[in-house]
Protein chains: 2
Amino acid sequence: MKISKKDLTEKIRNCGLKPTSQRIAILLQLLSRRDHPSADAVYQSLKDEYPSLSLNTIYMNLESFAEKGIITKINVLHQSARFDGDISSHHHFVCVRCKKIIDLHNMKIPKIKIPKELKTAKVYFHQLRINGICEDCSN
Amino acid sequence: MKISKKDLTEKIRNCGLKPTSQRIAILLQLLSRRDHPSADAVYQSLKDEYPSLSLNTIYMNLESFAEKGIITKINVLHQSARFDGDISSHHHFVCVRCKKIIDLHNMKIPKIKIPKELKTAKVYFHQLRINGICEDCSN
DNA sequence: TTGGATGCAAATACTTTGCACACGG
DNA sequence: CCGTGTGCAAAGTATTTGCATCCAA
């Protein structure tokens with residue numbers, strides 16, 4: 001499907017942001033590609049066509065778009081790697097605001113059927129991650 | 001349950017690593033606590049008792065332990081934020097080695113029952129993440 | 001003794017912040 | 001014009017790398 005700049009302009013305006021040329025370019029880039037780029041990957045793809053575009057602008061706008069829900073941020077970003085000594089099967093709730101991680105031991109997840117896309121990969125383990133805002137942060 | 005140093009030594013040796021005093025201390029620390037510490041958090045807890053222990057050693061060993069499967073690294077993708085232009089409901093496979101993300105659109109996940117630990121939290125969305133090693137990396 | 005492990009310091013990577021200028025409404 | 005958005009540079013934090021020394025086997 002073709003993505004028109006007009007649609008993008010609308011989409012950006014609808015979520016309360018000014019449809020600047022940079023925002024349109026960034027959103028177009030993200031909707032056109034099938035992978036899951038980092039801010040820098042988007043930057044690399046756009047800098048030839050938009051030499052004045054700054055990486056900073058991409059960081060800010062990807063974050064804004066995700067906040068408005070027109071794109072998704074796959075990894076709630078902890079500033080640092082977090083480790084768990086408990087390797088028994090359990091899942092996690094992550095507060096998107098304070099980044100707190102809460103164990104969910106009592107949560108039963110029905111058996112997962114590994115999809116065919118992964119038939120050749122080695123699956124280690126799966127973890128369900130629930131994102132939200134914890135009690136402390138919701139005040 | 002009490003964790004004996006003897007058991008830890010065994011555990012470390014069993015996964016092919018030398019049971020140095022630093023490794024034993026780091027693993028003991030991680031297995032004793034109920035939270036999900038960063039490398040620095042582990043460092044802060046240990047540096048009084050082991051003044052010569054370096055943060056670097058903790059980084060390396062937490063990574064090694066996670067690779068051997070005796071602890072878990074919760075956020076595989078913490079080094080850079082990754083975004084997805086596709087906001088339809090789907091899940092992801094993440095290669096723990098090359099960090100590649102593969103979309104799993106065909107995967108049906110039965111309805112999730114939100115556990116009681118979260119009764120006061122606001123749940124935004126949940127994503128199932130399957131961790132493993134992709135075909136390219138498994139050679 | 002010997003190769004892996006550690007400690008230190010420097011280097012790198014990612015992201016955020018501060019501020020002056022530019023631009024859309 | 002007004003206020004948000006952008007670009008640049010600098011700062012901040014997390015992690016990795018290089019290398020000499022150390023230590024468990």
Side-chain angles (χ1 to χ4, degrees), chain A residues 5-6 8-27 29 36-44 46-68 73-83 96-99, chain B residues 5-6 8-27 29 36-44 46-68 73-83 96-99:
Chain A
K5 296 215 173 184
K6 201 150 291 179
L8 294 180
T9 304
E10 267 313 287
K11 192 171 234 176
I12 293 172
R13 204 192 309 274
N14 284 342
C15 71
L17 299 170
K18 283 189 189 176
T20 64
S21 60
Q22 292 92 334
R23 279 185 178 149
I24 294 168
I26 294 168
L27 187 55
Q29 174 70 206
H36 309 83
S38 63
D40 191 64
V42 172
Y43 177 63
Q44 297 305 327
L46 291 177
K47 67 176 184 181
D48 287 339
E49 195 178 350
Y50 302 86
S52 77
L53 181 63
S54 90
L55 177 56
N56 185 331
T57 298
I58 297 182
Y59 272 109
M60 311 222 61
N61 283 319
L62 287 177
E63 213 56 59
S64 302
F65 291 158
E67 201 170 296
K68 300 296 185 179
K73 187 173 183 177
I74 295 180
N75 49 334
V76 172
L77 198 56
H78 292 79
Q79 307 192 84
S80 56
R82 305 292 287 279
F83 298 87
V96 299
R97 197 165 288 168
C98 71
K99 313 292 193 280
Chain B
K5 297 216 172 182
K6 201 150 289 179
L8 294 180
T9 304
E10 267 312 286
K11 190 170 237 177
I12 293 170
R13 204 192 309 273
N14 283 342
C15 69
L17 299 170
K18 281 188 190 175
T20 64
S21 60
Q22 292 92 332
R23 280 184 175 147
I24 293 168
I26 294 168
L27 187 55
Q29 175 70 205
H36 308 85
S38 63
D40 191 64
V42 173
Y43 177 63
Q44 296 306 327
L46 291 177
K47 67 176 184 180
D48 287 340
E49 194 178 350
Y50 302 85
S52 76
L53 180 63
S54 91
L55 178 54
N56 185 331
T57 297
I58 297 183
Y59 272 108
M60 313 223 60
N61 283 319
L62 288 177
E63 213 58 57
S64 303
F65 291 158
E67 200 170 296
K68 300 296 187 180
K73 186 173 183 177
I74 296 181
N75 48 340
V76 173
L77 288 175
H78 70 283
Q79 305 191 72
S80 62
R82 305 292 287 278
F83 297 88
V96 300
R97 197 165 289 170
C98 70
K99 312 291 192 279

Worksheet item: Side chain of Tyr59(B): nearest nucleotide among dA14(D), dC14(C), dG7(D)?
Response: dA14(D)
With a 3.5 Å cut-off and sequence neighbours excluded, list the donor-acceptor pairs that the side chains of residues 8-21 of chain A form with protein atoms.
| residue | atom | partner | partner atom | Å |
| --- | --- | --- | --- | --- |
| Thr9(A) | OG1 | Lys5(A) | O | 2.7 |
| Asn14(A) | ND2 | Glu10(A) | O | 3.3 |
| Thr20(A) | OG1 | Arg23(A) | N | 3.2 |

Worksheet, complete the sentence: When rounded to the nearest 0.5 Å, the distance separating CD of Gln22(B) from OG1 of Thr57(B) is 6.0 Å
Worksheet entry | Atom-to-atom span, OH of Tyr50(A) to P of dG7(D) - whole angstrom | 12 Å
Practice prompt. Check every strand shown and say whether Ala39(B) touches a base, only sugar-phosphate, or nothing at a heavy-atom separation below 4.0 Å.
Written response: nothing
Item to complete: State which of dT15(D), dG7(C), dG7(D) makes the closest approach to the side chain of Gln22(B).
Response: dG7(C)
Worksheet entry | Terminal axes of the helix from dT1(C)-dA25(D) to dG25(C)-dC1(D) (five pairs each): angle between them, nearest 10 degrees | 40°
Fill in: Test side chain to side chain contact (heavy atoms under 4.5 Å, CB included) applied to Tyr59(B) - qualifying residues, sequence neighbours left out
Ala39(B), Leu55(B)
Item to complete: Report the distance from atom CD1 of Ile26(B) to atom CG of Leu46(B), rounding to the nearest 0.5 Å.
Response: 7.0 Å
Worksheet item: Out of dC8(D), dA5(C), dG7(C), which has the shortest distance to the side chain of Ser54(B)?
Response: dG7(C)
Worksheet item: Considering all heavy atoms of both residues, which atom of Tyr43(B) and which atom of Ser54(B) are nearest to each other, and what is their separation?
Response: CE1-C, 4.1 Å
Worksheet item: For Arg23(A) and Ala81(A), take the nucleotide of DNA chain D holding the closest heavy atom to each; which residue's nucleotide lies nearer the 5' end?
Response: Arg23(A)
Worksheet item: Hey, is CD on Gln44(A) packed in by over 12 heavy atoms from elsewhere, all under 6.0 Å?
Response: yes
Fill in: N or O in side chain of Ser52(B) less than 4.0 angstrom from dG7(C) OP1/OP2
yes
Discussion item. The criterion is salt bridge (Lys or Arg N to Asp or Glu O under 4.0 Å); which residues satisfy it with Glu63(A), sequence neighbours excluded?
Written reply: Lys73(A)
Response to the item:
Ile12(A) CD1 to dT6(D) P, in whole Å, measures 9 Å
Worksheet item: Using a cut-off of 4.0 Å on non-hydrogen atoms, how would the nucleic acid contact of Asn61(A) be classed: base, sugar-phosphate, or nothing?
Response: sugar-phosphate
Fill in: Leu53(A), nearest nucleotide to its side chain (from dG7(D), dT6(C), dT15(D))
dG7(D)
Discussion item. Rounded to whole Å, please give me the gap between CG in Asp40(B) and C1' in dT13(D).
Written reply: 10 Å
Fill in: Shortest non-hydrogen contact between Val76(B) and Lys99(B), atoms and distance
O-CE, 3.5 Å
Worksheet item: Tell me: CE of Met60(B) to P of dG4(C), nearest whole Å?
Response: 13 Å
Response to the item:
Here the distance between atom P of dT6(D) and atom OH of Tyr43(A), to the nearest Å, is 15 Å
Report each atom pair, protein N/O against N/O of nucleotides 9-12 of chain D, whose distance is under 3.5 angstrom.
| residue | atom | partner | partner atom | Å |
| --- | --- | --- | --- | --- |
| dA9(D) | N6 | Asn56(A) | ND2 | 3.4 |

Worksheet item: More 5' along DNA chain C: Leu55(B) or Leu55(A), using each one's nearest nucleotide?
Response: Leu55(B)
Discussion item. Quick check for you: to the nearest 0.5 Å, what is the distance between Ile74(B) atom CD1 and Leu77(B) atom CG?
Written reply: 13.5 Å
Fill in: N/O (side chain, His78(B)) to phosphate O (OP1/OP2, dT15(D)) under 4.0 Å
yes
Item to complete: Drop me the distance from Gln79(A)'s CD to Asp40(B)'s CG, to the nearest 0.5 angstrom.
Response: 11.5 Å
Fill in: Whole angstrom value for the distance that separates C1' of dT15(D) from NZ of Lys73(B)
10 Å
Fill in: Spacing of Leu17(B) atom CG relative to dG3(C) atom C1', expressed in whole Å
14 Å
Practice prompt. Report, as a single string ordered 5' to 3', how protein heavy atoms within less than 4.0 Å touch nucleotides 20-25 of chain C: B base, S sugar-phosphate only, - not at all.
Written response: ----BS
Discussion item. I want to check one thing: is the phosphate of dG7(C), taken as OP1 and OP2, less than 4.0 Å away from some side-chain N or O of Thr57(B)?
Written reply: yes
Practice prompt. Indicate the atoms forming the closest heavy-atom contact of Arg82(A) with Asn75(B), along with that distance.
Written response: N-OD1, 2.7 Å
Item to complete: Report the distance from atom CD of Glu63(A) to atom P of dC14(C), rounded to the nearest whole Å.
Response: 15 Å
